[in-house]
Amino acid sequence: MSTAATREVPFFNYRMAFKAQEEEFVSIFRDVLGRGAFIMQRDMFEFEKHVAEYLGVKHVLSVGNATDGLYLIWRAVGLNPGDEVILPSHTMLATPAAVHFAGGVPVPVDIDPADHMLDPEAIEPAITEKTRAICPVQVNGRTCKMDRIMAIAQKHNLIVVEDAAQALGSKFRGQFAGTFGVASAFSFYPAKVLGCLGDGGCVVTNDDAIAHQVHCLRDHGRDAEGEVQMWGMNTRLDNLQAAFLDFQLATYQDIIDRRRALAEVYQARLGDLSEVQLPAAPGAHADHYDVFQNYELEADRRDELKLFLRENGIGTLIQWSGTAVHQFRQLGFTQTLPATERFFQRGLMLPMNIMVSDDDANYVCDVVRRFYGK
Ligand SMILES: *Cc1c(COP(=O)(O)O)cnc(C)c1O
């Protein structure tokens, strides 16, 4: 029984993330600033190349953040006003916002209660004559059942664009998240599995036409030769951020391995509790390779548990502040989605990142067990 109620396990320790690699970050900073290399320089292009090699894709276009990336994709695929895009309600408001600003209509649908991902069964009932696309969200670093989603898309002639913001390195049947649809976006927000020191993101595609469009749209309409080809915006990844990211990408597998090891600790210590339903353990399903962007479980008496953990120095988070997309009535949504609504009363995310030690994770488990009287 733990008496060390003094241990602090923050949900995400931004200062420690910096301190752990301070020397390396400072030398990158010196190097990049010493070269005066700020916008669209060598580091950005090299980082794009390395992500493309990692994922085995033709084009990686870095952008200011994943929200912009999704927006540019929808512009590039030519969403028409009123085109409907089916997406899971368990996602960040960024996913439907990108559709909205591109002129489309986001249509949130329910999640599979077993894995909290877009439910393939929920897609077909939501298809209308206006449906143009499906936007699966690879939430928590897991990849949706893409075989079924791609089959539905093919049958109904729909575009698939993945919101892979949380899932760099995640796979379904050996294929990387972000490589199933015509294009996808990844986020490098600091708390993402591959995070930079501010905002960042990229668009990934094997489609030359989409790549060309995104290339121009992100940089004032200019192509690789600097010639203006169309109206454009400014949403570029800072070269300095690209340098920080490229440094971390070199040991990215270690980051994934560490997160999966932490998930194993949570599984081993909490798997017997009937009051919580844990996410699938690493390797539990042969089809899925998860990178554990988040460790999101379902808990009885969730709000009380959250408070108890807080009192014991443990930071947790309720994803998207506890509101599913379709619950934002002020944005015009009217759907009722039972599985999503139930999940949003029970979902809680435990600390999951490389600053969390095994001792930290065991302490979290001790406190969760104590809360349930185990
Ligand atoms: C983080 C996130 C985004 C937004 O990414 P930004 O880089 O912060 O714009 C979009 N969708 C999902 C699912 C996310 O988790």
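Counting from 1, the numbers follow the sequence of the chain as shown. Ligands are counted one by one from 1 in listed order, and the atoms in each one are counted from 1 as well. Note: hydrogens, waters and symmetry copies are ignored here, and every other heavy atom, side chains too, is used.
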Notebook entry, point to check: Do His90 and Glu296 have a side chain donor and acceptor closer than 3.5 Å?
Noted result: yes
Checklist line | Exercise: do Glu341 and His326 side chains pair donor with acceptor under 3.5 Å | finding: yes
Next item on the list: Please list, chain by chain and in numerical order, all residues satisfying ring pair (Phe, Tyr, Trp, His ring centres under 6.0 Å) with Tyr372, sequence neighbours excluded.
Entry: none
Next item on the list: Taking side-chain contact (heavy atoms from CB on, under 4.5 Å) as the test, write out the residues that go with Tyr54, two or more places apart.
Entry: Leu168, Phe176, Tyr252, Ile256
N/O contact list for ligand 1, threshold under 3.5 Å:
{"residue": "ligand 1", "atom": "5 (O)", "partner": "Ser187", "partner atom": "OG", "Å": "3.4"}
{"residue": "ligand 1", "atom": "7 (O)", "partner": "Ala66", "partner atom": "N", "Å": "2.8"}
{"residue": "ligand 1", "atom": "7 (O)", "partner": "Ser187", "partner atom": "OG", "Å": "2.7"}
{"residue": "ligand 1", "atom": "9 (O)", "partner": "Asn65", "partner atom": "OD1", "Å": "3.4"}
{"residue": "ligand 1", "atom": "9 (O)", "partner": "Ala66", "partner atom": "N", "Å": "3.3"}
{"residue": "ligand 1", "atom": "9 (O)", "partner": "Thr67", "partner atom": "N", "Å": "2.9"}
{"residue": "ligand 1", "atom": "9 (O)", "partner": "Thr67", "partner atom": "OG1", "Å": "2.5"}
{"residue": "ligand 1", "atom": "11 (N)", "partner": "Asp163", "partner atom": "OD1", "Å": "3.3"}
{"residue": "ligand 1", "atom": "11 (N)", "partner": "Asp163", "partner atom": "OD2", "Å": "2.7"}
{"residue": "ligand 1", "atom": "15 (O)", "partner": "Gln166", "partner atom": "NE2", "Å": "2.9"}
{"residue": "ligand 1", "atom": "15 (O)", "partner": "Lys192", "partner atom": "NZ", "Å": "3.1"}

Next item on the list: For the pair Asp360 (side chain) and Ser357 (backbone), establish whether a donor and an acceptor sit closer than 3.5 Å, ignoring hydrogens and angles.
Entry: yes
Note to self: Just to verify, what does Ala284 make a side-chain contact (heavy atoms from CB on, under 4.5 Å) with, not counting sequence neighbours?
What the structure shows: Ala280, Ala281
